[in-house]
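Reminder, nothing fancy here: chain letters follow the sequence lines and each chain counts from 1. Computed from a predicted structure; not experimentally measured.
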There are 2 protein chains.
Amino acid sequence: MALAAIRTDRETIARSEDHRALRIWLRLLTCTQMIERVVRSRLRSRYRTTLPRFDLMAQLERHPEGLKMNELSRLLMVTGGNVTAIVDQLEKEGLVERLDEPSDRRAFRIRLTKSGERSFTDMARAHEEWVVELLSGLSRREQDELLRLLARAKEHALERISEMRP
Amino acid sequence: MALAAIRTDRETIARSEDHRALRIWLRLLTCTQMIERVVRSRLRSRYRTTLPRFDLMAQLERHPEGLKMNELSRLLMVTGGNVTAIVDQLEKEGLVERLDEPSDRRAFRIRLTKSGERSFTDMARAHEEWVVELLSGLSRREQDELLRLLARAKEHALERISEMRP
DNA sequence: CCGAGATGCTTTAAGCTTGATCTATTCAGG
DNA sequence: CCTGAATAGATCAAGCTTAAAGCATCTCGG
């Protein structure tokens, strides 16, 4: 829930030029949250898991040699404390394992177990189907254009962020 | 954190047609989360508040006559239990008040206090500046096009959702 | 070689969120 | 008028998330 100050029904006519930015922001939020809600709900009801766990397993699936906690933290863009708790849960379910890192006794290397690999493959297939279906209303050209605009919005926002002081 | 199964660095060349949908989804997520993170951080450090509270106050600012809990729940798209906790916190800080609803003894009407109105006006101005700045890298035409594509993506996704079984 | 600073991971408190459940109240139909 | 169903809001357990603090370990410069 992260709705900005804007007219009663979200996407209404802007009061001024500046409101376009607020409307874009609001639409980004509602689109993202709508798809996220569907995905979260499906993962919970069909696989008894959660989206953060799924995402973490997705990162591990792409790195068969495993990832360190701080690498997971960076890739997933969440804090180390959060990664610790999610890895704890997955380890408890036997889906991942913590392996010692010989070159650094502070660190661990997290890897999917065999059970975790099978489980993830199953969920990933369904996940892709859901996302494809939810976004299938856009034509090929519209999808390409949306990708391009989101990429531009992101890179410009990143520029602004690096220029801003906290 | 809701990253899907996709190539190591997020926005890489799709393996197949279906991956375009995943890439769009991923870009939606990273754009949204990036802006959200900035806004949350600013609200916390400069105003000692949180984004959900800001959003709730935004809804109340537009309804001077107040809103019932279930109306807030619907507008903010979160569960009633969540609204209860956030209203509790804002009431404790003297920013909102719960008024009896004469026609229904089960219900309350939530309204901003004078203090809450002043506080919100202050934050809303800053919030709009931040969002405008973060999205200012896009041209006017690109912003219009992004709004249009997000609207189309949303309406199509809504259609799919209403057709899907849970 | 040693000490200060940095790093990796964990723990803690606080906040948000959901879905299920509970109590009090309202409403509609017989 | 009465009863069963629905509704409004609160509570609870579980999960995610952050920022800050703590401990163990590593690195680098003097």
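By the side-chain hydrogen bond (donor to acceptor under 3.5 Å, both in side chains) test, Asp122(A) pairs with no residue at all, sequence neighbours left out. Every residue meeting the side chain to side chain contact (heavy atoms under 4.5 Å, CB included) condition with Ser139(B), not counting sequence neighbours, appears here in chain and number order: Arg141(B), Glu142(B). Considering only residues two or more places apart in sequence or on other chains, Ser136(A) meets the side-chain hydrogen bond (donor to acceptor under 3.5 Å, both in side chains) condition with Arg160(B). Looking at residues two or more places apart in sequence or on another chain, you find no salt bridge (charged side-chain N to carboxylate O under 4.0 Å, His left out) involving Glu155(A).
Following rounding to the nearest Å, Arg40(A) (CZ) and dC16(C) (C1') show an atom-to-atom distance of 11 Å. Rounded to whole Å, the distance from CG on Asn82(B) to P on dT17(D) is 15 Å. dT25(D) atom P lies 12 Å from atom CG of Asp100(A), rounded to whole Å. Here the P atom of nucleotide dG19(C) and the CZ atom of Arg48(A) are 13 Å apart, to the nearest Å. Across the protein-nucleic acid pair, Glu71(B) atom CD and dG9(D) atom P stand 8 Å apart, rounded to whole Å. Rounding to whole angstrom units, CD of residue Glu36(B) and P of dT17(C) are separated by 9 Å. For the pair Met77(B) CE and dT17(C) C1', the interatomic distance rounds to 14 Å; values are reported in whole Å. We find that CG of Leu90(B) is positioned 13 Å from C1' of dC16(C), with the value rounded to whole Å.
The side chain of Arg98(B) contributes an N or O atom lying less than 4.0 Å from OP1 or OP2 of dA10(D). For the OP1/OP2 pair of dT18(C) and a distance below 4.0 Å, the side-chain nitrogens and oxygens of Arg44(A) include no atom meeting the criterion. Considering only side-chain N and O atoms, Arg53(B) lies under 4.0 angstrom from the phosphate OP1 or OP2 of dG15(C). The phosphate of dT11(C) (OP1 or OP2) has no side-chain N or O of Thr84(A) nearer than 4.0 angstrom. Residue Arg105(B) places no side-chain N or O under 4.0 Å from the OP1 or OP2 atom of dA24(C).
Remark: the Glu101(B) side chain and the Ser103(B) side chain contain an N/O donor-acceptor pair separated by less than 3.5 Å.
Both Ser103(A) and Glu93(A) sit near DNA chain D, but only Glu93(A) has its closest nucleotide nearer the 5' end.
Using a 4.0 Å heavy-atom distance criterion, Gly81(B) is classed as a base contact. Within 4.0 Å (heavy atoms only), Thr50(A) reaches sugar-phosphate atoms of the nucleic acid but no base atom.
Under the salt bridge (Lys or Arg N to Asp or Glu O under 4.0 Å) criterion, the residue pairs touching residues 70-92 of chain B are Asp88(B)-Arg98(B), Glu91(B)-Arg98(B), with sequence neighbours excluded.
Here dT18(D) is the nucleotide among dT18(D), dA10(D), dG15(C) with the atom lying nearest to any side-chain atom of Val78(A).
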(request) Give the B/S/- string for nucleotides 1-8 of chain C, one per nucleotide from 5' to 3', where a protein heavy atom under 4.0 Å of the base yields B, of only the sugar-phosphate yields S, and otherwise -. (result) -----BBS
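Ring pair Phe120(B)/Phe54(B): centre-to-centre distance below 6.0 Å.
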